[in-house]
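Accompanying notes for the structure given below.
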Amino acid sequence: MYKIKIPIIYVFLSFFSTTTFCQGNFNEDKLDVINYHLTIEPEIDQGFIKGTVILNFRIAPNANSIVLNSGNLQIDQVKGKSVVGFKKKADELTIELSEREKWDNEITIDYHGNPTRGLLFNSELGQAYTAYFTSQWMVCNDLPSDKATLNLNLLIPQEKRCVASGELIETVVQGKKTLFQWSQQYETPAYTYGFAIGNFKETGEKQGEIKLNYYSDSRTADQLKKVFRETGNILRFFELKSGVKYVQNSYSQILIGDHYQEMSGFSVLKDSYASSVLKDSSEIHLTSHELAHQWWGNMITCKSFQHFWLNEAFATYMSAAFSEYKFGKDKYESDISIYKGIYDKLLTAGKDKPLVFPNWDNPSRDDRNIVYYKGAYVLHLLRQELGDKDFWKGIKSYSQKNFGKSVVTADFQLAMEESTNKNLDAFFNEWIYEKER
Ligand SMILES: [Zn+2]
């Protein structure tokens, strides 16, 4: 028997609002950043950051400007062979360009600021960590469809540790500070970039060739290994279900701050999560939800936030699927009944909405519940409709075809239909595109 509790799965609702994101489809006239090379120096006590970002990008040869997102950052300088000038209005940084050769598509931007979101400081604990709104700490293109590689250099006091997107390549002592050089050689959207700094203790283990790292400033190594002990199994489970290998050689989890959030190559989780898992070893949804994003979200990314359910419903559903694999059918059914319960409440309150959102600019908590829980419940229904074999065959086909790409809901439907030879128009119309049932 499983009790229905106030579910811990509730708490991974992110605070993701997309007011700073535009929506639209990528095309060749739009900016396509290829690589960001960032060096930043955060001052935790002052809640201050200064940075330099070098962008390499593609854009139509006759384009005479690019527009980037820059939050509340102050722009000190914009340099580059083709840079004519720049202006900042609200969060947008417009850079005027002259006619140029292909190889001129490199721009260097110096900036500084005191971010109030996107990068959160805790001077008491000597910690700082990022939270979704990347353009609040790094000038970038916020559109989820623009994926790029990243070099992230962090200059921090010698006694501190950091984790960041990608793999740690080198550390260089510079006076009283250390420069940590991270490199992410696969493309993901800017919102998945991030880092966490603190006085961490580190432990970990290996899953095949992949190093699993666990960090906390207060938990013992034993506790951390208990809290995250399923990580290797979860990772292998998602590799099997997606048919795609995890994308890098390490994955880190850090107990820090007040959020649950995936970034490329690592996740941050609240310390209270550790207490929940230590009390009940089956409460591992957050480990599996955030790890699922390394496939569904970070690598298979909604092209615009209208299709955000392709990130969040998948991560939510996959955590139930791992529950089933690990703890059996009853645990899976219990998870699904929690998702359905949340959705039923919305239905009763007249707050049902299609999963494909016409407008995700300012989502409410109810909107997020639709995307996370109605979405995960609908994936369960799709599995019932197709049967286990065809459902998982379709999921694998969708994941393999779209790994590293940006997707819309039609890509998912197409992959499910092609791999199962079934027409899913009626199901998608009823459960995904239409509001009324
Ligand atoms: Zn999520």
Side-chain angles (χ1 to χ4, degrees), residues 7-18 21 118 129-134 144 165 188-194 196 228 230-231 234-235 237-238 241-242 246-247 251-270 272-273 276-277 283-323 335-336 338-339 342-343 355-357 360 363-380 395 399 406-407 409 412:
I8 194 166
I9 47 175
Y10 242 137
V11 293
F12 58 66
L13 276 174
S14 72
F15 57 103
F16 207 159
S17 148
T18 56
F21 294 93
Y129 71 101
T130 55
Y132 278 123
F133 302 103
T134 301
S165 293
T188 61
Y191 81 81
T192 68
Y193 303 160
F228 294 121
E230 289 302 328
T231 306
I234 296 169
L235 192 145
F237 178 75
F238 292 153
K241 291 301 179 195
S242 65
Y246 174 65
V247 73
Y251 176 68
S252 299
Q253 291 170 100
I254 306 137
L255 296 173
I256 188 172
D258 217 19
H259 299 102
Y260 296 94
Q261 189 203 326
E262 78 284 6
M263 285 167 266
S264 42
F266 74 102
S267 296
V268 295
L269 304 105
K270 280 161 76 165
S272 57
Y273 170 64
S276 308
V277 183
E283 284 293 357
I284 52 170
H285 294 95
L286 296 169
T287 296
S288 50
H289 178 106
E290 303 307 345
L291 185 46
H293 279 310
Q294 301 296 326
W295 285 262
W296 302 280
N298 293 6
M299 297 307 295
I300 305 158
T301 312
C302 60
K303 193 173 274 182
S304 74
F305 285 98
Q306 282 175 294
H307 301 276
F308 192 37
W309 82 282
L310 295 172
N311 292 14
E312 292 304 340
F314 271 70
T316 306
Y317 183 77
M318 288 300 164
S319 81
F322 180 76
S323 284
D335 288 353
I336 297 298
I338 290 168
Y339 304 162
I342 296 168
Y343 174 50
L355 285 176
V356 177
F357 260 70
W360 186 257
S364 67
R365 186 184 179 86
D366 290 336
D367 292 343
R368 292 189 191 101
N369 280 340
I370 291 281
V371 164
Y372 283 70
Y373 300 111
K374 177 184 176 181
Y377 176 57
V378 166
L379 288 173
H380 164 75
I395 293 287
S399 306
S406 303
V407 282
T409 301
F412 176 51

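In each ligand, atom 1 is the first atom listed, and ligand 1 is the first ligand listed.
- The Zn ion (ligand 1) is closest to atom OE1 of Glu312 (considering only N, O or S atoms).
- Centred on the Zn ion (ligand 1), the NE2 atom of His289 and the NE2 atom of His293 lie at an angle of 100°, reported to 10°.
- A side-chain donor from one of Ser264 and Ser165 sits under 3.5 Å from a side-chain acceptor of the other.
- Considering CH2 of Trp309 and OH of Tyr317, their distance stands at 12.0 Å, rounded to 0.5 Å.
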Intermediate values then yes/no, ring pair (Phe, Tyr, Trp, His ring centres under 6.0 Å), Trp295 and Phe314: CA-CA 9 Å; Trp295 285 262; Phe314 271 70; over 10 Å; no

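- Side-chain N/O atoms of Asp335 and Ser323 include a donor and acceptor closer than 3.5 Å.
- The distance from the Zn ion (ligand 1) to the nearest N/O/S atom of Glu262 is not under 2.8 Å.
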